[in-house]
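Report on one structure; see the data block that follows.
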Amino acid sequence: QVQLVESGGGLVQAGGSLRLSCAASARTFSVYSMGWFRQAPGKEREFVAAISGSFARTTYADSVKGRFTISRDNAKNTLYLQMNSLKPEDTAVYYCAADRALIARTAWSEYDYWGQGTQVTVSS
């Protein structure tokens, strides 16, 4: 069982930055691929970014490529999402998730464990 707790959300103006964190309880955090997803009101949950376990290979949604950076610190059992140049359309609840797969996957249904989410609101 893996418990995930997100933090770092908040209200920011367009063009600003936020850094999300996700603390994981797993003793073997490094073997999990990790992902960030988001869900806006009335919309489906969508993929944002993912990072594999040991080799930290990353993949991004086109909508955030060049603005967001996913990273992980396996010594601290923590996942991060640095979000720059934020836009109002980035407003959503952001979730981190853990996947037993070796590769970073983009489908939310593939992930095994989820955090409770953190709200990000970008004002125009």
Side-chain angles (χ1 to χ4, degrees):
Q1 190 76 9
V2 178
Q3 293 185 328
L4 303 171
V5 179
E6 303 97 335
S7 61
L11 173 64
V12 64
Q13 288 188 331
S17 297
L18 281 175
R19 187 195 197 199
L20 305 184
S21 299
C22 173
S25 66
R27 288 185 295 175
T28 55
F29 175 71
S30 63
V31 306
Y32 288 89
S33 292
M34 300 294 296
W36 287 101
F37 293 80
R38 66 187 181 186
Q39 189 165 17
K43 294 188 177 181
E44 293 187 354
R45 189 168 300 190
E46 65 172 354
F47 169 75
V48 174
I51 186 168
S52 64
S54 299
F55 296 104
R57 291 178 177 151
T58 60
T59 185
Y60 296 91
D62 288 343
S63 59
V64 306
K65 202 171 293 183
R67 300 188 297 123
F68 291 11
T69 302
I70 188 172
S71 62
R72 64 191 298 160
D73 185 336
N74 289 337
K76 295 182 178 179
N77 280 14
T78 303
L79 176 73
Y80 302 101
L81 185 68
Q82 178 67 44
M83 305 186 294
N84 299 329
S85 303
L86 282 161
K87 304 175 181 179
E89 51 263 44
D90 294 318
T91 296
V93 177
Y94 283 71
Y95 299 89
C96 70
D99 180 7
R100 294 188 188 96
L102 295 176
I103 59 172
R105 300 194 281 190
T106 62
W108 67 264
S109 58
E110 302 284 2
Y111 284 73
D112 303 295
Y113 304 101
W114 291 85
Q116 82 290 347
T118 185
Q119 176 70 46
V120 171
T121 303
V122 184
S123 63
S124 57

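Residues: numbered from 1 along the sequence shown. All of these numbers come straight from a predicted model, not from anything done at the bench.
- A heavy-atom distance below 4.5 Å is found between the side chains of Tyr113 and Gln1.
- In the displayed structure, Trp114 atom CH2 is contacted under 6.0 Å by more than 12 heavy atoms of other residues, nucleotides or ligands.
- Closest heavy-atom contact between Thr91 and Ala40: O-CB, 3.7 Å.
- The OH atom of Tyr94 lies 4.0 Å from the CZ atom of Phe68; values are rounded to the nearest 0.5 Å.
- Ion pair Lys87/Asp90 not flagged as a salt bridge, since none of the NZ, NE, NH1 or NH2 atoms sits closer than 4.0 Å to an Asp/Glu carboxylate oxygen.
- Looking at residues two or more places apart in sequence or on another chain, you find no side-chain hydrogen bond (donor to acceptor under 3.5 Å, both in side chains) involving Glu89.
- Between the side chain of Thr69 and the backbone N or O of Gln82, no donor-acceptor pair lies under 3.5 Å.
- Of all heavy-atom pairs between Gly53 and Ser33, the closest is N-OG, 3.8 Å.
- Summarising the geometry of Phe29 relative to Asn77, their closest heavy-atom pair is CB-OD1, 3.3 Å, with the distance given to 0.1 Å.
- Placement of Val31 and Ile51 within a single hydrophobic cluster is found when ILVMFWY residues are connected by side-chain heavy-atom separations under 4.5 Å, directly or transitively.
- To the nearest 0.5 angstrom, Asp99 atom CG is 4.0 Å from Arg105 atom CZ.
- We find the OG-CZ distance between Ser85 and Arg67 to be 7.0 Å, quoted to the nearest 0.5 Å.
- In terms of hydrophobic clustering, with Ile, Leu, Val, Met, Phe, Trp and Tyr side chains grouped at heavy-atom distances under 4.5 Å, Leu81 and Leu4 are assigned to a common cluster.
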- Query: Do Ser52 and Ile103 pass the side chain to side chain contact (heavy atoms under 4.5 Å, CB included) test, and can you show the C-alpha distance, the side-chain angles, and the key distance before you say yes or no?
  - Reply: CA-CA 5 Å; Ser52 64; Ile103 59 172; 5.7 Å; no

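- Within 6.0 Å of the CG atom in Leu11, the count of heavy atoms belonging to other residues, nucleotides or ligands exceeds 12.
- Glu6 places no side-chain N or O within donor-acceptor distance of the main-chain N or O of Leu20, the cut-off being under 3.5 Å.
- Scanning all heavy atoms of the two residues, the minimum distance from Asp73 to Tyr80 falls at CB-CE1, 4.0 Å.
- Shortest non-hydrogen contact noted between Tyr60 and Ala49 is CD2-CB, 3.6 Å.
- Here the CZ-OG distance, from Arg72 to Ser21, works out to 14.0 Å after rounding to the nearest 0.5 Å.
- Residues Tyr111 and Val48 do not share a hydrophobic cluster, clusters being chains of Ile/Leu/Val/Met/Phe/Trp/Tyr side chains in contact below 4.5 Å.
- The closest donor-acceptor contact from the side chain of Arg38 to the backbone of Val120 lies at 3.5 Å or more, if one exists at all.
- Residues Tyr95 and Gly115 come closest through the heavy atom pair CD2-O, 3.6 Å.
- By the 6.0 Å contact criterion, CD on Gln3 is open, its count of non-hydrogen atoms from other residues, nucleotides or ligands being 12 or less.
- Annotation: the span from Leu79 atom CG to Cys22 atom SG amounts to 5.5 Å, rounded to 0.5 Å.
- Note: Glu46 CD to Gln39 CD = 9.5 Å, rounded to the nearest 0.5 Å.
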